[in-house]
Amino acid sequence: MPVPVPRQRVSTPSTPGTPGTPDATGGSRTPGQAPAAPAAGGGTDLVLLVIEDDPTGTFTVPELVDASGNRVRVRTARNLTEAERLLTDDVHCVLVDLDLASCRTDDGDRLAPLHHVLRLAPRHAVLALTPSGDAALAAEAVRVGAQDHLCREELDGPLLSRAIRYAVERKRADSVQVKLAESRLRAQENARLERGLLPTPLLQGSELRFAARYRPGRSRALLGGDFYDTVRTPDGTVHAMIGDVCGHGPDEAALGVELRIAWRALTLAGLCGDELLSTLQQVLEHERDNEEIFATLCTVDIAPDGRRAGLCLAGHPSPLIARHGSAARLLPYEDGGPALGLLPRARWPRRQVELGGAWSLMMYTDGLIEGRSAGPGTPRLGQDGMVEMINRQLAQGLGGEELLEAAVAEVRKLNGGELTDDVAVLLLAREKAATAAEDRSARPDPAPGRRAPRRR
């Protein structure tokens with residue numbers, strides 16, 4: 001004999017126009033919010049929301065108790081408007097009658113009540129109540145999104161209690177699968193963005209050593225707006241740049257990819273200095289979502305002999321240089337230009353700097369210097385603190401990949417946890433001073449009919 005299931009009303013005050021509905025604990029929820037998951041093994045009491053408009057109803061007892069002594073408390077709603085008010089955080093499952101009169105449509109869609117519930121409660125387990133013998137309707141209900149179906153004429157307490165728990169577990173398993181799929185897609189997106197933001201350097205034929213590190217600021221975050229690149233042009237000049245689009249996330253990362261690709265193309269086309277940065281600013285202005293987006297940039301073009309370089313800064317921290325036998329220090333550069341995208345007719349002067357024979361040049365984004373110096377609440381590390389840190393690591397004999405790895409790790413340790421900003425670091429190094437003959441061979445040949453200039 002079927003066991004009657006409760007018709008229980010819950011007095012839930014609501015204010016017209018207020019999206020949140022008070023729950024049993026005094027909190028509120030937005031319709032469609034995920035319910036609290038029951039403990040594994042089904043040892044937690046569950047709450048069922050029944051949506052049916054039968055005035056006589058079969059749901060007349062206050063609660064169900066299964067063989068294990070676990071309870072299922074039941075709430076009922078006559079229509080979807082009432083159901084939306086009763087769909088609080090503690091509801092685990094919704095049972096909807098497919099014969100709900102208030103949801104009948106002119107086109108005869110018998111699944112209309114289910115479609116409404118799935119839109120109303122996308123994160124809840126849903127059971128469809130169908131007439132006995134209509135196997136096609138029951139199968140279609142499961143196909144469109146219900147976790148299971150129950151026949152009204154065969155309904156009893158143990159069957160309903162078991163179906164609810166199975167439905168809740170199926171919904172939880174489905175949610176886990178969705179999250180795994182989202183994680184895979186996120187990983188694929190990260191890989192695509194990484195290939196665009198952090199490319200393989202084009203340094204064939206150069207004696208310079210290259211190393212780079214990138215670390216997203218937030219745990220499990222997408223790559224942010226930091227980007228870098230390095231290329232060697234046919235005349236033997238090595239061009240390097242590092243930049244940072246304000247903000248985090250895929251939009252900023254995509255803009256960073258566009259700026260990096262544009263920089264590489266313009267550099268290979270022969271542009272440098274103010275002309276290159278002015279063109280990059282035009283790219284940013286056309287591609288950004290709003291006028292508040294800007295990007296900082298540092299570009300360096302190292303002469304073929306490796307002893308000098310041209311430096312341009314667009315609102316970016318100055319690089320750090322460590323020469324053989326001396327401590328690392330920041331390259332002096334006080335008259336850099338503003339960040340790209342801030343001033344429409346800005347200029348970026350190019351300054352010539354001497355590098356020397358053997359040296360290491362480190363370019364970085366501000367994530368490396370904006371972390372805390374000794375945990376939360378302490379002053380920021382800053383450029384001076386970074387220089388001291390790098391000098392300690394150089395004194396330990398670190399260089400190349402090891403130096404960058406140690407620098408990023410120590411900055412995170414000093415900060416007292418994960419950094420809030422992305423960190424990108426690029427290192428170019430010349431390990432020995434070239435001889436005079438090597439210097440002459442590194443310089444490009446003079447144009448036909450023109451004598452090479454005499455060195456003084």
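Here the structure is a predicted model, which means the values were calculated and not measured.
- Considering only heavy atoms from C-beta on, Val74 comes within 4.5 Å of Thr76 through its side chain.
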Test side-chain contact (heavy atoms from CB on, under 4.5 Å) applied to Val96 and Val126, step by step: CA-CA 8 Å; Val96 56; Val126 176; 4.3 Å; yes
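- Taking the six-membered ring where the residue is Trp, His239 and Trp263 present perpendicular rings, their angle passing 60° and hence far from 30°.
- Checked by atom type and distance alone, the side chain of Glu82 pairs as donor or acceptor with a backbone atom of Arg78 at under 3.5 Å.
- Residues Leu428 and Ala240 share a closest heavy-atom pair of CD1-CB, 3.7 Å.
- Every residue meeting the side-chain hydrogen bond (donor to acceptor under 3.5 Å, both in side chains) condition with Thr365, not counting sequence neighbours, appears here in chain and number order: Asp226.
- Annotation: the span from Arg119 atom CZ to Leu114 atom CG amounts to 9.5 Å, rounded to 0.5 Å.
- Annotation for Leu340 and Ala314: closest pair CD2-CB, 4.2 Å, computed over non-hydrogen atoms.
- Considering all non-hydrogen atoms of both residues, Phe227 and Arg260 come closest at CD1-CB, 4.0 Å.
- With rounding to the nearest 0.5 angstrom, the CG atom of Leu271 is 5.5 Å from the OG1 atom of Thr279.
- In Arg412, the CZ atom is crowded: over 12 heavy atoms of neighbouring residues, nucleotides or ligands sit closer than 6.0 Å.
- The two residues Arg75 and Leu86 have their closest heavy-atom pair at NH1-O, 3.1 Å.
- Leu381 and Met386 get closest at one heavy-atom pair: CG-N, 3.8 Å.
- Counting heavy atoms from C-beta on, the side chains of Arg232 and Gln204 never come closer than 4.5 Å.
- Between the Trp348 side chain and the Pro338 main chain, a donor and an acceptor come within less than 3.5 Å of each other.
- Residue Ala328 comes nearest to Asn391 through the heavy atom pair N-OD1, 2.7 Å, listed as atom of the first residue, atom of the second, then distance.
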Working for salt bridge (Lys or Arg N to Asp or Glu O under 4.0 Å), residues Lys413 and Glu410: CA-CA 5 Å; Lys413 180 180 178 180; Glu410 184 167 347; over 6 Å; no
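- Of the possible donor and acceptor atoms, one in the side chain of Gln393 sits under 3.5 Å from a partner among the backbone N and O of Ala406.
- Of the inter-residue distances, the one linking Glu258 atom CD with Leu280 atom CG reads 11.5 Å to the nearest 0.5 angstrom.
- Judged by distance alone, the side chain of Gln383 and the main-chain N or O of Leu320 form no donor-acceptor pair under 3.5 Å.
- With hydrogens and angles disregarded, a donor-acceptor distance shorter than 3.5 Å links the side chain of Asn415 to the backbone of Arg372.
- At most 12 non-hydrogen atoms from other residues, nucleotides or ligands lie less than 6.0 angstrom from CG of Asp384.
- At least one donor-acceptor pair closer than 3.5 Å links the side chain of Ser318 to the backbone N or O of Leu331.
- Between the side chain of His316 and the backbone N or O of Gly336, no donor-acceptor pair lies under 3.5 Å.
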Audit row: Arg165, Glu169, side-chain contact (heavy atoms from CB on, under 4.5 Å) steps and yes/no: CA-CA 6 Å; Arg165 295 189 182 277; Glu169 292 302 323; 5.6 Å; no
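- Rounding to the nearest 0.5 angstrom, the gap separating the CD atom in Gln281 from the CG atom in Leu259 is 10.5 Å.
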Check against side-chain contact (heavy atoms from CB on, under 4.5 Å), Lys171 and Cys93: CA-CA 9 Å; Lys171 186 64 178 182; Cys93 185; over 6 Å; no
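- With values rounded to the nearest 0.5 angstrom, Leu268 atom CG is found 7.0 Å from Leu202 atom CG.
- Looking at Ile164, Leu127, Val117 one by one, the single match for side chain to side chain contact (heavy atoms under 4.5 Å, CB included) with Leu95 turns out to be Leu127.
- Under the 4.5 Å side-chain criterion, counting only non-hydrogen atoms from C-beta, Cys151 is not in contact with Asp134.
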Working for side-chain contact (heavy atoms from CB on, under 4.5 Å), residues Asp422 and Tyr214: CA-CA 8 Å; Asp422 310 311; Tyr214 183 96; 3.6 Å; yes
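- Salt-bridge annotation for Glu252 and Arg288: absent, with no side-chain N of the basic residue lying under 4.0 Å from a carboxylate O of the acidic one.
- Using a cut-off of 4.0 Å between Lys/Arg side-chain N and Asp/Glu carboxylate O, Arg143 and Glu140 are scored as salt-bridged.
- Inter-residue side-chain proximity for Met362 and Val425 is flagged as met; some heavy-atom pair is nearer than 4.5 Å.
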Under 3.5 Å, which donor-acceptor pairs link side chains of residues 396-403 to any protein atom two or more places apart or in another chain?
unit_1	atom_1	unit_2	atom_2	d
Glu401	OE1	Arg213	NH1	2.6
Glu401	OE1	Arg213	NH2	3.1

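- Counting non-hydrogen atoms of other residues, nucleotides and ligands closer than 6.0 Å to CZ of Phe210 gives a total above 12.
- A 4.5 Å side-chain heavy-atom check between Glu275 and Leu266 finds every atom pair outside the cut-off.
- A distance of 8.5 Å separates CG of Asp99 from CG of Asp53, quoted to the nearest 0.5 Å.
- Two residues are said to be in side-chain contact when any heavy atoms from C-beta on lie closer than 4.5 Å; Met241 and Asp229 meet this criterion.
- Residues Leu311 and Pro319 are in side-chain contact: their nearest non-hydrogen atoms beyond the backbone lie under 4.5 Å apart.
- Between His92 and Arg73 there is no side-chain heavy-atom pair separated by less than 4.5 Å.
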